[in-house]
Q: 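Here it is, the structure, as structure tokens.
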Amino acid sequence: MSGILTVKQKLVDLLSQAATKAQEAGKLPSVTLPEVAVEHPQNADHGDYASSLPLKLARATGLNPLNIANSIVEFIAPSPEIATIVVAPPGFINFTLKSGWLTGQVEQILAAGDSYGNIDLGKQSRVQIEFVSVNPTGPLHVGHGRGAVLGNTLANVLTAAGYKVEKEFYINDAGSQVDAFKRSLYTRYQQALGIDAEMPADGYFGGYMAQLAKEIIAEEGDRFLSLPEPEASGQLGKLGLTKMIDQIRGDLELLGVTFDVWFTESSLYEKGQYSTTMSLLKQGGYIAEKENATWFVSTALGEDKDNVVVRSDGSPTYFATDIAYHYNKFIERRFDRVINIWGADHQGHISRMKAVVSALGIDPERLKMIISQMVSLRRGGDMVRVSKRSGDIITLREVIDEVGIDACRFFFLARSADSQMDFDLELAKRESAENPVYYVQYGHARIASILRLAKEREIDASDGDISLLVSEPELVLIRKMLLLPEVVEQVASTLEAHHLAYYAQELATVFHSFYKQCRVVSRENGQLTKARLKLVAAAKLVLSGTLHLMGMTAPDTM
RNA sequence: GUCCCUGUAGCUCAGCUGGAUAGAGCAGCUGCCUUCUAAGCAGCGGGUCGCAGGUUCGAAUCCUGCCAGGGACGCCA
């Protein structure tokens, strides 16, 4: 749409201007205006948009809400979109859109093309979104897939909402879990070469480790055996990590998830952010030595307890490097906002990260953590365990192979990140034809089919007159199409991606209903055919745009 | 014990910053294919919004307490 403002935003502006004018004219007491809310009424009889502003003002002024409503309506400036403004008890102001304006939007959508739905909420401010960031000690499982799809989709939506977005994967290549990975790999390597070696107690027992060892032997031979132990497991481990990361990257690409930056934890030591941050915190008085270790005094910032940053053996904790990492994000790379998507097991990490960020003098509001809740795998009634260490895992890749990319993405996006989900592999496979994803994509395929027929009959719709679109199913479809920018705004400001999946279904529903009731390509009425061809071409843009935001394909045939 | 998430139709879930008669899909039951894809459409039935208080013109939504399920509380990440 050429106008970047959504209708909703425009109404918000009109209302607050009107209320201010009413105050200036003495028709309303000069109280501070509450935040003006405009919403879609549940009941269509109440119009397209409604505001409860008068009801909110009634509390502050003590006046009758209906009188307030009338006073405000009197000052609402005329606008090309609006047909009627009605005051309704107990004190709502209801707006109905002009049908001529509605149909006119079809041309606007066609003119906007692929950029329809884009808004300017972000004003090109810089947002970094970090997600997945799994330890490269094993293959990805479904839970990681959920975070990956969520992060990737949010990045798409934030970009559409006018932010400059960078997607980042943080590689934990320096901690003790990576150390355990290296020792485990070395053991498997020795064992594969016939040497009696024992797995470390904290090791990774999954079958992929033995396979990784074999792969390395096939490529590099037994040369690591001649090295002394720490060097051998170090070099071998580094090789193994690289392979593991490549595999993770490949699995994510399979899901359509890519990153702009792969950031390594180890670089925080090489480039000095770690020591810089520690001295900053020390200067701020947030560091204390006790029990032979170094602590971040989060209790000074209202936290329940302090946290160790440097262990008694002198090695920094994960928390310490994460502090340095966020210093790098905010101070060195100067992102306006930083979003981290974490698994449910990181929930306890949120408040101390917020605390430490404010200790570094950064407004914690600029840092947003999203917790994506657990995904349990199921085969029918049986739970499938997904412990990386035990080795009994179903990988993300296996799930994608079984269910398909589009269904997988839609499934992850169709529920709020806050709620846990059961992923039933049998159900996903057995009912794949009934999955809402096919319902939505089928709508797109039907539109493509209509456009194919029009092309076969060599119909040129470019001079179609959209003012002929006056029937109810047509207007219902257009109204729904106009919501895409609002959905983009909602997802971008709440960081809740599931609204997109629901919108996609609603859009498909109104299209299918239109399709049933309104024949598009008709031999009887050439003018109406052309007008409707424009409408479905616009609907195709909106539907495919929505699917693409979700990282899904919009098939022309099914 | 403390903290986080969840509890809405038989099932899976929406319900936006408090708003008008609480919604969708699946499952069940009725109808609808001579014409652009029936992976579709139209309709019916189905609710103590976990429980109890509170806040107010108004609560599924906010507050308090309780119950239930899951998760986190480490010098792991």
Side-chain angles (χ1 to χ4, degrees), chain A residues 34-35 37 39-43 45-46 50-52 55-56 58-59 65 88-92 94 133-135 137 172 175-178 180 202 265 291-295 304-305 307-313 315-319 321-322 343-351 371 373-374 376 414-422 424 427 431-443 445-454 456-457 486-487 489-491 493-494 496 498-499 501-502 505-506 508-509 512-523 529 532-533 536 557-558:
Chain A
E35 196 178 339
E39 62 198 8
H40 296 279
Q42 287 170 18
N43 186 338
D45 294 343
H46 294 135
S51 177
S52 59
L55 288 161
K56 299 208 162 96
R59 185 172 310 180
F92 290 101
N94 295 334
S133 298
V134 57
N135 287 322
T137 53
N172 297 110
S176 58
Q177 292 192 5
V178 163
D202 62 347
E265 180 183 1
E291 297 161 31
N292 269 333
T294 307
W295 299 68
D304 286 346
K305 53 188 161 192
N307 299 99
V308 172
V309 283
V310 183
R311 302 181 184 94
S312 44
D313 69 0
S315 63
T317 63
Y318 158 80
F319 182 45
T321 51
D322 225 15
D345 55 340
H346 277 58
Q347 166 265 123
H349 194 48
I350 294 176
S351 62
I371 295 296
Q373 290 292 335
M374 297 221 323
S376 318
R415 26 184 65 60
S416 134
D418 287 336
S419 51
Q420 294 164 216
M421 69 187 218
D422 280 355
D424 188 332
L427 197 71
E431 295 199 341
S432 64
E434 288 160 18
N435 193 308
V437 65
Y438 297 100
Y439 177 82
V440 176
Q441 290 182 322
Y442 185 55
R446 274 181 149 179
I447 297 176
S449 171
I450 294 170
L451 296 176
R452 271 195 302 272
L453 179 67
E456 262 171 44
R457 296 200 185 163
E486 286 180 22
V487 174
E489 186 197 358
Q490 185 186 10
V491 172
S493 50
T494 61
E496 292 169 355
H498 64 276
H499 299 300
Y502 280 85
Q505 285 183 85
E506 288 168 16
T509 297
H512 284 305
S513 178
F514 159 83
Y515 180 89
K516 185 70 181 177
Q517 295 174 77
C518 302
R519 172 82 198 182
V520 176
V521 180
S522 141
R523 297 193 191 275
T529 293
R532 285 182 172 168
L533 279 172
V536 296
T557 57
M558 282 178 73

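Only this structure's heavy atoms are used, side chains among them; waters, hydrogens and symmetry mates stay out. Since the model is a prediction, treat every value here as computed from it, not as a measurement. First the proteins, then the strands, lettered A, B, ... as listed; each starts at 1.
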Q: Measure from the side-chain heavy atoms of A/Leu453 and tell me the nearest of B/C36, B/C73, B/A77.
A: B/C36
Q: Categorize A/Asn94 for me: base, sugar-phosphate, or nothing, with a 4.0 angstrom heavy-atom threshold over every strand shown.
A: base
Q: Just the rounded figure in Å: distance from P of B/C76 to NE2 of A/His349.
A: 14 Å
Q: Base, sugar-phosphate alone, or nothing: which one does A/Gln347 contact when heavy atoms must sit under 4.0 Å apart?
A: base
Q: Starting at the 5' end of RNA chain B and moving along, which residue's nearest nucleotide shows up first, A/Pro89 or A/Val308?
A: A/Pro89
Q: Spell out protein contact along nucleotides 13-19 of chain B as letters: B when the base is contacted, S when just the sugar-phosphate is, - when no protein heavy atom is under 4.0 Å; keep the 5' to 3' order.
A: SSSBBBB
Q: Stacking between A/His346 and the base of B/A77 (centre distance under 5.5 Å, interplanar angle under 30°)?
A: no
Q: May I ask you to decide if A/Ser315's main-chain N or O and A/Asp313's side chain share a donor-acceptor pair within less than 3.5 Å?
A: yes
Q: Please give the stem ranges for RNA chain B, sorted by first residue number, where a stem is three or more consecutive Watson-Crick or G-U pairs and both donor-acceptor distances are under 3.5 Å.
A: B:1-7 with B:67-73, B:10-13 with B:23-26, B:28-32 with B:40-44, B:50-54 with B:62-66
Q: For a quick check, tell me whether the side chain of A/Gln373 and the base of B/C5 share a donor-acceptor pair closer than 3.5 Å.
A: no
Q: Looking at the angle O4'-C1'-N9-C4 for a purine or O4'-C1'-N1-C2 for a pyrimidine, is B/C51 syn or anti, with syn meaning within 90° of 0?
A: anti
Q: Can you check the A/Tyr442 OH to B/A39 C1' distance for me, whole Å?
A: 6 Å
Q: From CG of A/Asn435 over to C1' of B/U12, roughly how many Å is that when rounded to an integer?
A: 12 Å
Q: Hey, does A/Tyr515 reach any base, or is it just sugar-phosphate, or nothing, if we go heavy atoms under 4.0 Å?
A: base
Q: For A/His512 and for A/Gly348, find the nucleotide of RNA chain B with the closest heavy atom, then tell me which residue's nucleotide is more 5'.
A: A/His512
Q: Rounded to the nearest 0.5 Å, what separates atom CG in A/Asn172 from atom OG1 in A/Thr137?
A: 9.0 Å
Q: Taking atom C1' of B/A72 as reference, at what distance in whole Å does atom CG of A/Asp304 sit?
A: 12 Å
Q: Less than 4.0 angstrom between a side-chain N/O of A/Thr137 and OP1 or OP2 of B/A77, yes or no?
A: no
Q: Check whether any side-chain N or O of A/Thr294 sits under 3.5 Å from a backbone N or O of A/Val309 as a donor-acceptor pair, and report yes or no.
A: no
Q: Considering only the C1' atoms, how many Å lie between B/C51 and B/U8, rounded to the nearest integer?
A: 14 Å
Q: Are the side chain of A/Arg519 and the backbone N or O of A/Val521 linked by a donor-acceptor pair below 3.5 Å?
A: yes
Q: Could you tell me whether a side-chain N or O of A/Ser52 sits under 3.5 Å from a main-chain N or O of A/Phe92, the two making a donor and an acceptor?
A: no
Q: In whole angstrom, what separates A/Gln505's CD from B/A39's P?
A: 18 Å
Q: Contact class for A/Ala50 (heavy atom, under 4.0 Å): base, sugar-phosphate, or nothing?
A: base
Q: Please measure how far the C1' atom in B/A52 lies from the corresponding atom in B/A60, and state the result in whole Å.
A: 16 Å
Q: Roughly how far apart, to the nearest Å, are B/C75 and B/C66 at atom C1'?
A: 38 Å
Q: Just say parallel, tilted or perpendicular for the rings of A/His349 and A/Phe319, cut-offs at 30° and 60°.
A: perpendicular
Q: Other residues, nucleotides and ligands only: do more than 12 of their heavy atoms fall within 6.0 Å of CZ on A/Arg523?
A: no
Q: Mark yes or no for whether A/Thr317, through its side chain, and A/Val308, through its backbone, hold a donor-acceptor pair below 3.5 Å.
A: yes
Q: Say you pick atom C1' in B/U2 and the same atom in B/A20; how far apart are they, in whole Å?
A: 42 Å
Q: Counting any heavy atom closer than 4.0 Å, what does A/Asn43 reach on the DNA or RNA strands: base, sugar-phosphate only, or nothing?
A: base
Q: Testing the basics here: between A/Gln373 and A/Ala344, what is the closest heavy-atom pair and its distance to 0.1 Å?
A: OE1-CB, 3.6 Å
Q: Counting only N and O atoms by type, is there a donor-acceptor contact under 3.5 Å from the side chain of A/Ser513 to the main-chain atoms of A/Thr509?
A: no
Q: Looking only at heavy atoms, which two atoms of A/Pro65 and A/Gly91 are closest? And how far apart?
A: CB-CA, 4.2 Å
Q: CG of A/Asp345 versus P of B/A77: gap in Å, rounded?
A: 13 Å
Q: It should be established whether A/Tyr439 places a side-chain nitrogen or oxygen under 4.0 Å from OP1 or OP2 of nucleotide B/C41.
A: yes
Q: In terms of side-chain heavy atoms of A/Ala88, which of B/G74, B/A39, B/A20 is nearest?
A: B/A20
Q: Rounded to whole Å, please give me the gap between CZ in A/Arg519 and C1' in B/G40.
A: 15 Å
Q: Could you state the CD1-C1' distance from A/Ile371 to B/G70, rounded to the nearest angstrom?
A: 14 Å
Q: With rounding to whole Å, what would you report as the distance between B/C5 and B/G28 at their P atoms?
A: 37 Å
Q: Given the P atoms of B/C4 and B/C13, what is the spacing between them in whole Å?
A: 23 Å
Q: What distance, rounded to whole Å, do you find between the two C1' atoms, one in B/G45 and one in B/A27?
A: 13 Å
Q: Look only at the side chain of A/His512 and the backbone of A/Tyr442, and say whether a donor-acceptor pair between them is shorter than 3.5 Å.
A: no
Q: If you compare every side-chain N and O of A/Arg311 against the phosphate oxygens of B/C76 (OP1, OP2), does one of them come in below 4.0 Å?
A: yes
Q: Could you tell me how far B/C57 sits from B/G15 if I compare only their C1' atoms? Round to whole Å.
A: 23 Å
